[in-house]
Amino acid sequence: MSTGRGKSMGLGSSGKDDDTPFDGSGLKLRAIKTRRELNEVEFESILRVTEKYLLTKPSRKIAPFNFDWLLGLHREMLGSIWSWAGEIRATEKNIGVSPRIITAELGVIAMEADKRHDETGALVIAAAAEFHHRAVWVHPFEDGNGRWARLLANIWLMQHDQPATLWPVTDLRNTASPIRDEYIAAIKQADVRNYGPLIDLHHRFSE
Ligand SMILES: Nc1ncnc2c1ncn2[C@@H]1O[C@H](COP(=O)(O)OP(=O)(O)OP(=O)(O)O)[C@@H](O)[C@H]1O
């Protein structure tokens, strides 16, 4: 498993690696003043969670893909840093469903995961891409939705004996990168039920 800064399995280093301030509402660590420092602590925290789930095949016991675990995974990733981690957002966003239906939509992911648990081979990658997309489409949290969605897709892949996707995180989180453009375009295609481009990206960056 690669845990370097360039490529990772759903980790957190942002392309916006600079000294600018950021919205600190809900920040638990008062010493953090710049985005660079924030990126650092988020990356380290998510790295620990990634190692917990992906260093060996994650069992259904530790990753049950039920409603509580879906929220809990986000809390594990960012809960030492942000008070809103693992909490369903209360406000509307440009991306994502209305806060009123987030609970129901997370329930759909949990139900689908239960239904598809015994799938194998290519169906596993298709399911991972669908969960990845649905998770960012719902956008349950204030922030960190993309990193959470990519990690849960990787947990699904490894739980079903498929290699994890090593996303080129620096590119993915950099709004000037063509790879990010391609990634966002693939997510938008999945919005209209064309999962091919997102599945292709999972294959391209497969471990
Ligand atoms: N223009 C867009 N159209 C559709 N989906 C988008 C768009 N921009 C971003 N997204 C989705 O939202 C996610 C980003 O959400 P959020 O900022 O909460 O997560 P993050 O983990 O902090 O960021 P990132 O995914 O960039 O690492 C992206 O991964 C992508 O799936």
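We count ligands from 1, going down the list as the structure has it; atoms in each ligand are counted the same way. None of these values were measured; they are calculated from a predicted model.
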Q | Atoms of ligand 1 close to R150 [distance to a heavy atom under 4.0 angstrom, numbered from 1] | A | 24 (P), 25 (O), 27 (O), 29 (O)
Q) Heavy-atom contact under 4.0 Å between F141 and ligand 1? A) no
Q. Quick one: do D114 and R60 make a salt bridge, cutoff under 4.0 Å?
A. yes
**Q.** side-chain hydrogen bond (donor to acceptor under 3.5 Å, both in side chains) between R150 and Y183, intermediate numbers included
**A.** CA-CA 12 Å; R150 294 190 290 272; Y183 171 68; 3.2 Å; yes
Q: Report the part of W148 (side chain from C-beta onward, or backbone N, CA, C, O) that has a heavy atom under 4.0 Å from ligand 1; answer both or neither where that applies.
A: neither
(Q) Which of the numbered atoms in ligand 1 are under 4.0 angstrom from any heavy atom belonging to R147? (A) 20 (P), 21 (O), 22 (O), 27 (O)
(Q) Please determine whether a side-chain nitrogen of the Lys or Arg among K93 and E142 lies less than 4.0 Å from a carboxylate oxygen of the Asp or Glu. (A) yes
Q.
If the threshold is 4.0 Å, N to carboxylate O, is there a salt bridge linking E105 and R100?
A. no
**Q.** Heavy-atom nearest neighbour of atom 24 (P) of ligand 1 within options H74, R173, M77, E42
**A.** R173
(Q) Pairs of nitrogen or oxygen atoms closer than 3.5 Å, one from G146 and one from ligand 1: do any exist? (A) yes
Which atom pairs, one a donor and one an acceptor, fall under 3.5 Å between side chains of residues 79-87 and the rest of the protein, sequence neighbours left out?
| from | atom 1 | to | atom 2 | distance (Å) |
| --- | --- | --- | --- | --- |
| W82 | NE1 | E42 | OE2 | 2.8 |
| S83 | OG | G26 | O | 3.3 |
| W84 | NE1 | S25 | O | 3.4 |

Q: Could you check if a side-chain atom of P140 sits within less than 4.5 angstrom of a side-chain atom of L106, using non-hydrogen atoms only?
A: yes
Q. Which of the atoms of ligand 1 are close to V136, meaning less than 4.0 Å from one of its heavy atoms?
A. 31 (O)
Q. Within the structure, does D191 bring an N/O atom to less than 3.5 angstrom of an N/O atom in ligand 1?
A. no
Q: Please lay out, stage by stage, how R48 and E51 fare under the test salt bridge (charged side-chain N to carboxylate O under 4.0 Å, His left out).
A: CA-CA 5 Å; R48 279 194 294 276; E51 287 174 344; over 6 Å; no
Q.
Looking at non-hydrogen atoms alone, which of I184, D143, L172 comes nearest to atom 17 (O) of ligand 1?
A. D143
Q.
Taking 4.0 angstrom as the limit and counting only heavy atoms of R180, give me the atoms of ligand 1 inside it, by number and element.
A. 8 (N), 9 (C), 26 (O)
Q | ligand 1 contact by H139, heavy-atom criterion under 4.0 angstrom | A | yes
Q. Under the side-chain contact (heavy atoms from CB on, under 4.5 Å) test, which residues partner A135, sequence neighbours left out?
A. I109, W148, A149, L152
Q: With heavy atoms only and a cut-off of under 4.0 Å, state how I95 meets ligand 1: side chain, backbone, both or neither.
A: side chain
